[in-house]
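Counting starts at 1 for both ligands and their atoms, in listed order. Note that this is a predicted model, so its numbers are computed, not measured.
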Amino acid sequence: MIKQAIIPLAGLGTRLLPLTSIFAKELLPINGKPGIEYILDECINAGVKEIIFIISSKKMMIKKYFYSDQFYKNIIKKKKDKRIVGEYKKILKYKNKIKFVYQNIPKGTGDAVLKAQKFIKNKYFLMLLPDDLIIKKNCSKAMINIYQKHKVSVMASMTVKKNTVSRWGIYKIKKKINRRNFLIDGVVEKPSIKKAPSNKAVIGRYILPRKIFKKIKSLKPSKGNEIHITDAIQQLINDNEKFIAHNFEGKYLDCGTMNGYINSSKEIGKL
Ligand code: G1P
């Protein structure tokens, strides 16, 4: 079973400036609810029991959000507001499942994953990138089902416009398993249009093997001088580790850019 998830949260969020100059992007409200809560709900509804947050000293605000017991208790003592009691209970439910580790220098997703190593107990774990919201259908749950069936790594995927390939991790299909699932031949981080092996992008949901930690340790920084999880995945594929790309059914919302962030509230408001 997949019981643990990790969420890299140490990014600076420069694509959302000025909103992120003093505020953590993952706490920004999307239709009245912090973005991170959508991600947590997806994990918990998919059966995940423990969630590891990789934050930084600059993002302590995220920890504080879940550790504001005294604040809630004081308010609830003064006025018995049902809504506030409900919100506090929800925060407590999340808090009991979250552990924190630190990545104080943002050196990329691969480096973030490595910081969570000491907590990972099982052979496989889930990773969610908080900029990527997937609504209408639980993508993590669908991926966990695929993992249960094949006992291999899984990544969420989506076909993107050819002129946007340099924004994503792009993979090449080795074999079609069925309508939504494909065995991957290789993956490359943010290629140029010329070098892209396809227009199939990796979206921020990954079921990864513990073996990946060793691969990350051997990596040198690549694109943007960062250690990319994509490069570690390619190394595992070179060693014949199987990766399945899952074309998810839900709707993708890119909350990491200003236009995408604004649009997310509109889309979720329609639900
Ligand atoms: C990250 C990954 C990339 C993936 C993307 C999905 O990029 O490195 O491979 O396609 O998430 O959103 P980032 O959004 O951090 O630039």
Inset, instruction - State the atoms of ligand 1, each with its element, that fall below the 4.0 Å cut-off from a heavy-atom position in Thr230. - result: 9 (O)
Inset, instruction - Count the heavy atoms of every other residue, nucleotide or ligand shown that sit under 6.0 Å from NZ of Lys63, and state whether that count exceeds 12. - result: yes
Inset, instruction - Return a yes/no value for Val202: is any of its N or O atoms, backbone included, closer than 3.5 angstrom to an N or O of ligand 1? - result: yes
For residues 3-18, dump all side-chain donor-acceptor pairs below 3.5 Å to protein atoms at least two apart in sequence or in another chain.
unit_1	atom_1	unit_2	atom_2	d
Gln4	OE1	Lys121	N	2.8
Gln4	NE2	Glu50	OE1	2.6
Gln4	NE2	Phe119	O	2.8

Legend entry - ligand 1 N/O within reach of Trp168 N/O, cut-off under 3.5 Å: no
Legend entry - Salt bridge flag under 4.0 Å for residues Arg167 and Asp254: yes
Inset, instruction - Report the member of Glu226, Arg15, Lys223 with the shortest heavy-atom distance to atom 15 (O) of ligand 1. - result: Arg15
Legend entry - Protein heavy atom at shortest distance from atom 13 (P) of ligand 1: Lys190 NZ, 3.6 Å
Legend entry - salt_bridge(Asp131, Lys25) N-O dist < 4.0 Å: yes
Inset, instruction - For ligand 1, find out whether one of its N or O atoms is nearer than 3.5 Å to an N or O atom of His228. - result: no
Inset, instruction - Run down the list Ile203, Leu129, Asp132 and name the one with the heavy atom closest to atom 11 (O) of ligand 1. - result: Leu129
Legend entry - Protein heavy atom at shortest distance from atom 2 (C) of ligand 1: Glu189 OE2, 3.6 Å
Legend entry - Test of proximity, Gly169 against ligand 1: N or O pairs below 3.5 Å: yes
Inset, instruction - Kindly compute the distance separating OH (Tyr94) from CD (Glu37), expressed to the nearest 0.5 Å. - result: 4.0 Å
Sequence neighbours excluded and cut-off under 3.5 Å, please list the side-chain donor-acceptor pairs for residues 141-151, or say none.
unit_1	atom_1	unit_2	atom_2	d
Lys151	NZ	Gln148	O	3.1

Legend entry - Geometric N/O contact Arg167 with ligand 1, under 3.5 angstrom: yes
Inset, instruction - Determine whether the aromatic ring centres of Tyr171 and Phe182 lie less than 6.0 Å apart. - result: no
